[in-house]
Amino acid sequence: MNNRDIETRLARATLVALVFYFPIETWASWGHDYWLLNPFYLIDLIAMGLLLYGATRSLRARPRPAPGALCAAFGWTAANGWRATWGRAFELRDGGHLDHGLVELWVVAGATLLSLLCLAWSFYLMVRADAVPE
């Protein structure tokens, strides 16, 4: 399997993930202050838009490699996830509670880990995009 095939799989997996990310994040944010205008939800909405753009850009660039936008999207998403994970951890440390219990922390931390792995993968593909074809 060459790097372009790997990039295609990553882009398709990103689109599948968005099918879950968008409704779950929208549902989780629905009852908060300012509802869907909550700044934290808007950051997620930007991440979703970047992921959609990056994945479609990658798929439309065939046969050329085009992992740059996907890499940037995962960078934004991973940074947002990192902030969200540690924000929840500190909330619990300070004696607070999470709206959806401890499972909320585990889901957010897992999604953050996954986005960090995809960031590393897409960064590798971006660095290799200018290399000699396989």
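Counting begins at 1 with the first residue of the sequence.
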| Excluding sequence neighbours, so at least two apart, what forms side chain to side chain contact (heavy atoms under 4.5 Å, CB included) with A69? | Y53, R57
| Side chains of V107 and I24: closer than 4.5 Å at any heavy-atom pair? | no
| Looking only at heavy atoms, which two atoms of R12 and L59 are closest? And how far apart? | CG-CD2, 4.2 Å
| request: Kindly work out whether a path of hydrophobic side-chain contacts (I/L/V/M/F/W/Y, heavy atoms less than 4.5 Å apart) joins F22 to F40. | output: no
Run the side-chain donor-acceptor check on residues 60-68: report pairs under 3.5 Å with partners two or more places apart or on a different chain.
unit_1, atom_1, unit_2, atom_2, d
R62, NH1, T8, OG1, 2.5

| query | How would you list all residue pairs meeting salt bridge (charged side-chain N to carboxylate O under 4.0 Å, His left out) that involve residues 21-31, not counting sequence neighbours? | reply | none
| Out of curiosity, does L15 fall in the hydrophobic cluster containing W121 (side-chain heavy atoms, cut-off under 4.5 Å, transitive links)? | yes
| remark: Applying side chain to side chain contact (heavy atoms under 4.5 Å, CB included) to A78 and not counting sequence neighbours gives S115, L116, L119
Which donor-acceptor pairs under 3.5 Å do the side chains of residues 41-50 make with protein atoms, sequence neighbours left out?
unit_1, atom_1, unit_2, atom_2, d
Y41, OH, T26, OG1, 2.8
D44, OD1, Y21, OH, 2.6
D44, OD1, N80, ND2, 2.8

| Can you list every salt bridge (charged side-chain N to carboxylate O under 4.0 Å, His left out) pair that touches residues 68-77, not counting sequence neighbours? | none
| message | Within this structure, what is the CZ-OG distance for the pair R9 and S58, rounded to the nearest 0.5 Å? | response | 13.5 Å
| said: Would the distance check show the side chain of D94 and the main-chain N or O of G96 forming a donor-acceptor pair, the cut-off being under 3.5 Å? | reply: no
| said: Going by ring-ring contact (aromatic ring centres under 6.0 Å, His included), name the pairs with one or both residues in residues 95-117, residues two or more places apart or in two chains. | reply: W27-H100
| said: My understanding is that only residues two or more places apart in sequence, or in another chain, count here; which of them pass side-chain hydrogen bond (donor to acceptor under 3.5 Å, both in side chains) with D99? | reply: H32
| remark: In terms of heavy-atom contacts, N3 and R128 come closest through ND2-CB, 3.5 Å
| query | In Å and rounded to the nearest 0.5 Å, what is the CG to CG distance from L102 to L92? | reply | 6.5 Å
| field | salt bridge (charged side-chain N to carboxylate O under 4.0 Å, His left out) involving E104 - partner list, sequence neighbours excluded | value | R88
| task | Can you sort out the partners of T14 under side chain to side chain contact (heavy atoms under 4.5 Å, CB included), two or more places apart, ordered by chain and number? | result | L10, L51, A55, L70, F74
| field | Shortest non-hydrogen contact between T85 and A109, atoms and distance | value | OG1-CA, 3.6 Å
| said: Taking salt bridge (charged side-chain N to carboxylate O under 4.0 Å, His left out) as the cut-off, I'd like each qualifying pair that reaches into residues 68-86, sequence neighbours left out, listed once. | reply: none
